[in-house]
Amino acid sequence: MKNYLLLAVCLSFTLMLSPTELFAQQKVTRIGLTKAATLTTKGFIDKKSVFSTTALDSLLKTDDYVMLISSYEGCMPCEWLRTSDIFENYPITPYYTDFLLGDMNQAIPYTFFVTGFPTCFFFDKKGEIVAVTSGVANYGEKLDKIVKDKEPICEHEIEGISKELLLPFLNYSYKASRAYINKEMSDVYKYANKALEICPNFYNKYLLYQYYLNEKNLESANKYKKSALDDAGRLDQIIYKKLIKELTGETE
């Protein structure tokens with residue numbers, strides 16, 4: 001319940017953009033950073049770091065793992081992760097993103113259904129999500145399990161998805177979003193459908209709606225639009241507020 005309330009409070013300060021607007025920023029953030037952001041020996045940890053798939057791919061070449069941190073300014077545990085030297089003892093490159101700062105950073109809650117902060121996604125060198133952590137309690141122990149024991153920790157939760165299927169689901173959702181960012185629409189179709197095979201969910205149906213619009217197949221596009229809206233639960237109404245308004249034709 002605390003996570004849900006936290007998300008509602010955070011999102012009350014921002015109007016989330018649609019992926020069409022959001023992913024358009026990719027053209028000006030190909031290097032993964034704003035001018036004010038900082039590339040350190042341990043990744044992107046500036047408060048103004050901007051998410052991009054290009055930046056993530058670049059970081060995957062620097063260490064065994066990239067830890068994508070979903071956070072927001074004012075979150076004290078998030079700030080601890082951003083400034084901590086705990087990663088110096090591990091082959092992990094942190095990639096800090098404030099989901100309230102910059103349109104591309106908001107792609108992370110969209111893709112991964114983030115409901116609490118910090119939530120961290122660990123990518124291996126193949127670009128696969130192999131672990132997810134929530135909060136910072138006993139963080140050294142968690143890093144030991146992920147890095148030394150290769151344990152697929154998954155502290156994330158999405159209603160309707162078992163722990164065993166959550167990491168595959170997150171990987172399919174990321175690949176579908178990544179494909180949409182890069183306008184690789186055949187992969188949007190492929191991976192969004194794989195995610196939906198695990199669990200019906202708003203966002204991947206939204207991506208298929210966009211896929212069929214791109215194909216000029218209005219009948220199928222309308223089918224997925226209706227299905228996405230039918231699937232929109234209480235948390236979806238918060239996370240995907242802008243997308244729902246887009247689908248229903250509401251204006252601000």
Side-chain angles (χ1 to χ4, degrees), residues 4 7 11 16-26 51-53 56 68 70 97 99 103-116 119 121 123 126-130 132 154 156-249:
Y4 298 164
L7 180 67
L11 292 185
M16 301 188 90
L17 299 179
S18 72
T20 303
E21 299 166 299
L22 183 157
F23 295 145
Q25 296 294 322
Q26 186 74 2
F51 174 73
S52 81
T53 60
L56 180 59
L68 181 63
S70 182
T97 63
F99 91 100
D103 304 334
M104 285 303 299
N105 291 356
Q106 295 174 3
I108 299 168
Y110 278 165
T111 302
F112 299 125
F113 200 81
V114 175
T115 59
T119 298
F121 302 88
F123 290 78
K126 296 179 181 179
E128 296 287 322
I129 301 167
V130 296
V132 185
C154 191
H156 198 40
E157 292 184 5
I158 299 178
E159 185 178 357
I161 305 179
S162 67
K163 285 290 186 182
E164 295 75 16
L165 292 176
L166 190 49
L167 286 178
F169 174 83
L170 294 174
N171 275 296
Y172 289 140
S173 288
Y174 173 69
K175 290 174 182 177
S177 278
R178 176 191 177 87
Y180 189 57
I181 289 172
N182 296 318
K183 302 185 184 303
E184 298 165 350
M185 299 307 288
S186 62
D187 279 348
V188 171
Y189 177 85
K190 175 182 177 180
Y191 291 115
N193 272 302
K194 284 184 176 293
L196 289 173
E197 288 176 6
I198 294 175
C199 181
N201 63 94
F202 175 89
Y203 187 59
N204 283 287
K205 289 184 178 181
Y206 177 87
L207 290 180
L208 286 175
Y209 162 75
Q210 292 291 347
Y211 167 80
Y212 282 113
L213 279 184
N214 185 70
E215 293 291 304
K216 297 181 172 55
N217 185 336
L218 295 183
E219 181 178 353
S220 293
N222 287 329
K223 169 189 169 184
Y224 277 99
K225 176 171 74 171
K226 180 180 184 305
S227 185
L229 291 171
D230 288 344
D231 271 349
R234 181 169 61 89
L235 282 178
D236 295 314
Q237 299 286 339
I238 298 171
I239 297 173
Y240 305 115
K241 178 182 177 181
K242 178 73 176 185
L243 307 190
I244 291 172
K245 285 183 176 292
E246 177 188 336
L247 294 182
T248 57

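Because the structure is predicted, anything quoted here is derived from the model rather than measured.
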Under 6.0 Å from the NZ atom of Lys163, do we count more than 12 heavy atoms belonging to anything else shown?
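Yes.
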To the nearest 0.5 Å, what is the distance between [atom1] on [X] and [atom2] on [Y]?
X	Y	atom1	atom2	answer
Tyr180	Met185	OH	CE	6.0 Å
Thr115	Ile239	OG1	CD1	6.5 Å
Gln237	Leu243	CD	CG	11.0 Å
Asp231	Lys226	CG	NZ	10.0 Å
Glu246	Gln210	CD	CD	5.5 Å
Leu247	Leu229	CG	CG	5.0 Å

Main-chain N/O of [Y] paired with [X] side-chain donor or acceptor, under 3.5 Å:
X	Y	answer
Lys175	Asp187	no
His156	Phe112	yes
Tyr240	Tyr110	yes
Ser227	Lys223	no
Asp236	Gly233	yes
Asn171	Leu167	yes

Under 4.5 Å between any side-chain heavy atoms of Ile161 and Phe113, yes or no?
no
Minimal non-hydrogen separation, [X] against [Y], with atom names:
X	Y	result
Asn204	Ser173	ND2-OG, 3.1 Å
Thr111	Ser177	OG1-OG, 2.8 Å
Ser70	Val114	OG-CG1, 4.0 Å
Ala232	Phe202	CB-CD1, 4.1 Å
Leu208	Val188	CD2-O, 4.4 Å
Cys199	Glu159	SG-O, 4.1 Å

Residue pair Thr119, Phe121: steps toward the side-chain contact (heavy atoms from CB on, under 4.5 Å) verdict
CA-CA 7 Å; Thr119 298; Phe121 302 88; 3.5 Å; yes
Decide side-chain contact (heavy atoms from CB on, under 4.5 Å) for Leu170 and Ile158; before the verdict, give the C-alpha distance in whole Å, the side-chain angles of both, and the deciding distance to 0.1 Å.
CA-CA 10 Å; Leu170 294 174; Ile158 299 178; 4.2 Å; yes
In terms of side-chain heavy atoms, does Ser220 have a donor or acceptor partner in Tyr211 at a distance below 3.5 Å?
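No, no side-chain donor-acceptor contact under 3.5 Å.
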Do the side-chain N and O atoms of Glu215 and Tyr189 include a donor-acceptor pair separated by under 3.5 angstrom?
no
Once you measure the plane-to-plane angle for Tyr203 and Tyr206, does it fall in the parallel (<30°), tilted (30-60°) or perpendicular (>60°) bin?
parallel
Check: Phe123 ring centre within less than 6.0 Å of Tyr174 ring centre
yes
